[in-house]
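Some notes on the structure that comes next.
All values below come from the heavy atoms of this structure, side chains included, with hydrogens, waters and symmetry mates left out. Residue indices begin at 1 and follow the sequence shown.
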Amino acid sequence: MTTQVETDELRVWVDQDLCTGDGLCVQYAPEVFEFDVDGLAYVKDRDGELLLAPGSRVDVPAHLRLDVIDAAKECPGECIHVLRSADEVEVAGPDAG
């Protein structure tokens, strides 16, 4: 049985103003998250390019959806926002219902 979140296309972004630099996100999904020289987490595009602009969003690869959701749920800074691509509803993170 698959849950709806596992099959929905997702996007993710990191609010650097809230990032505490703990690194759980990088441990959960290093293909999606990476630290910059400032010690804060950012998202990476499909080519591995770090997106430094505030609010940059990337698509979550299907095989990493649960890892990215877990990263958002475990993040001590509550700075990871995981959104359903179809309607921009936050499914994991500080604004999730």
Side-chain angles (χ1 to χ4, degrees):
M1 182 176 138
T2 47
T3 64
Q4 188 63 36
V5 170
E6 288 177 38
T7 56
D8 281 336
E9 290 190 15
L10 303 176
R11 294 181 58 76
V12 63
W13 67 282
V14 176
D15 183 343
Q16 284 77 28
D17 290 338
L18 300 176
C19 181
T20 58
D22 285 82
L24 289 176
C25 58
V26 177
Q27 291 175 20
Y28 273 107
E31 291 175 54
V32 176
F33 303 105
E34 185 176 314
F35 284 123
D36 193 28
V37 294
D38 61 7
L40 302 177
Y42 292 84
V43 291
K44 299 191 291 189
D45 66 16
R46 291 176 192 221
D47 297 325
E49 179 89 19
L50 211 56
L51 303 179
L52 299 175
S56 293
R57 299 176 179 193
V58 296
D59 294 324
V60 177
H63 68 285
L64 292 174
R65 286 182 186 144
L66 293 179
D67 292 333
V68 169
I69 289 168
D70 286 343
K73 289 180 178 177
E74 300 296 323
C75 176
E78 296 185 346
C79 66
I80 300 171
H81 300 264
V82 183
L83 313 168
R84 238 184 351 242
S85 294
D87 56 10
E88 296 283 309
V89 169
E90 189 157 319
V91 296
D95 299 328

Asp70 side, atom CG; Gln27 side, atom CD - distance, nearest 0.5 Å: 12.5 Å

Nearest-0.5 Å distance that lies between atom CG in Leu40 and atom CG in Asp15: 10.0 Å

Hydrophobic clusters here meaning ILVMFWY residues chained together by side-chain heavy-atom distances under 4.5 Å, can you tell me if [X] and [Y] are in one?
X	Y	answer
Val32	Ile80	yes
Val12	Ile69	yes
Tyr28	Val82	no
Trp13	Val91	no

Minimum side-chain heavy-atom gap Phe33-Val43 below 4.5 Å: yes

Heavy-atom closest contact ([X] atom, [Y] atom, distance):
X	Y	value
Cys79	Cys19	SG-CA, 3.7 Å
Pro54	Gln16	CA-OE1, 4.4 Å
Gly93	Ala72	N-CB, 4.1 Å

Side-chain (Asp87) to main-chain (Val89) donor-acceptor, under 3.5 angstrom: yes

Glu90: side chain to side chain donor-acceptor pair (under 3.5 Å) partners, not counting sequence neighbours: His81

Leu24/Cys75 under side chain to side chain contact (heavy atoms under 4.5 Å, CB included): CA gap, chis, key distance, verdict: CA-CA 6 Å; Leu24 289 176; Cys75 176; 6.0 Å; no

Presence of salt bridge, Arg65 and Asp8, under 4.0 angstrom: no

Leu10: which of Val60, Leu64, Val68, Leu83 passes side-chain contact (heavy atoms from CB on, under 4.5 Å): Val60

Qualifying salt bridge (charged side-chain N to carboxylate O under 4.0 Å, His left out) pairs with a residue from residues 17-39, counting only residues at least two apart or across chains: Glu34-Lys44

